[in-house]
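Both backbone and side-chain heavy atoms feed into the values below; hydrogens, waters and symmetry mates do not.
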Amino acid sequence: MQNKRNQIQPSSVSGHLDSVDLAPSGGTLSGWVVDPALSSPGPVSSNVTLIVDGVPVLRALASLPRPDLVPKIAAQPQHGFQIKLPREL
């Protein structure tokens, strides 16, 4: 019998990194992510993790309104994210 913890499940998550704005004081990543498995029947936001060199460094909740996603991609608009980058990155 296989150990289910080590099995990789196919993902139906979709998303887009819309912008990367860099400045000497830091920066911002903006976009959206939708996981249909979490979004039905109502809006459930997904976590977005920024990974640098294989190490997770920041996490944000994709819960900002994105009405442009409705109805083609999502039933509800709460799937946008904006991650503020520290100067060190």
Side-chain angles (χ1 to χ4, degrees):
M1 182 162 37
Q2 291 182 344
N3 183 345
K4 290 190 177 194
R5 284 187 312 182
N6 296 328
Q7 291 180 353
I8 297 173
Q9 299 297 320
S11 176
S12 59
V13 175
S14 61
H16 191 263
L17 180 61
D18 294 332
S19 67
V20 178
D21 296 317
L22 300 176
S25 60
T28 305
L29 302 177
S30 301
W32 58 269
V33 63
V34 174
D35 184 348
L38 295 177
S39 299
S40 185
V44 177
S45 301
S46 300
N47 283 314
V48 176
T49 304
L50 175 64
I51 299 172
V52 177
D53 295 329
V55 178
V57 294
L58 291 172
R59 178 169 284 185
L61 188 62
S63 61
L64 299 176
R66 287 294 304 256
D68 58 313
L69 302 178
V70 179
K72 276 186 177 179
I73 297 171
Q76 302 292 327
Q78 294 86 357
H79 298 286
F81 66 86
Q82 188 172 55
I83 300 174
K84 295 201 181 292
L85 301 173
R87 194 173 80 210
E88 300 79 39
L89 290 179

Original post:
Do any pairs count as a side chain to side chain donor-acceptor pair (under 3.5 Å) and have a residue in residues 80-89, sequence neighbours left out, and if so which ones?
Top reply: none
Original post:
By side chain to side chain contact (heavy atoms under 4.5 Å, CB included), which residues pair with A62, not counting sequence neighbours?
Top reply: V33, V48, F81
Contacts table for residues 66-75: side-chain donor-acceptor under 3.5 angstrom, sequence neighbours left out:
unit_1	atom_1	unit_2	atom_2	d
R66	NE	D68	OD1	2.9
R66	NH1	D18	OD2	2.6
R66	NH2	D18	OD2	3.3
R66	NH2	D68	OD2	2.7

**OP:** Under the salt bridge (charged side-chain N to carboxylate O under 4.0 Å, His left out) rule, collect the residues that match up with D21, sequence neighbours excluded.
**Re:** none
Original post:
What distance do S45 atom OG and D35 atom CG have between them, rounded to the nearest 0.5 Å?
Top reply: 11.0 Å
Subject >> Audit row: S19, T28, side-chain contact (heavy atoms from CB on, under 4.5 Å) steps and yes/no >> reply: CA-CA 8 Å; S19 67; T28 305; over 6 Å; no
Subject >> side chain to side chain contact (heavy atoms under 4.5 Å, CB included) partners of T49, counting only residues at least two apart >> reply: I51, P56, R59
Subject >> Counterpart residues, side chain to side chain contact (heavy atoms under 4.5 Å, CB included), relative to L22 (two or more places apart) >> reply: V20, L85
Original post:
Is there side-chain contact between L17 and L29, with heavy atoms separated by less than 4.5 Å?
Top reply: yes
Subject >> Minimum-distance pair of heavy atoms, taken over all atoms of A60 and I83 >> reply: CB-CG1, 3.6 Å
Original post:
In Å, rounded to the nearest 0.5 Å, how long is the span from CH2 of W32 to OG of S46?
Top reply: 11.0 Å
Original post:
According to a 4.5 Å side-chain heavy-atom criterion applied to Ile, Leu, Val, Met, Phe, Trp and Tyr, with indirect links allowed, do L50 and L64 form part of one hydrophobic cluster?
Top reply: no
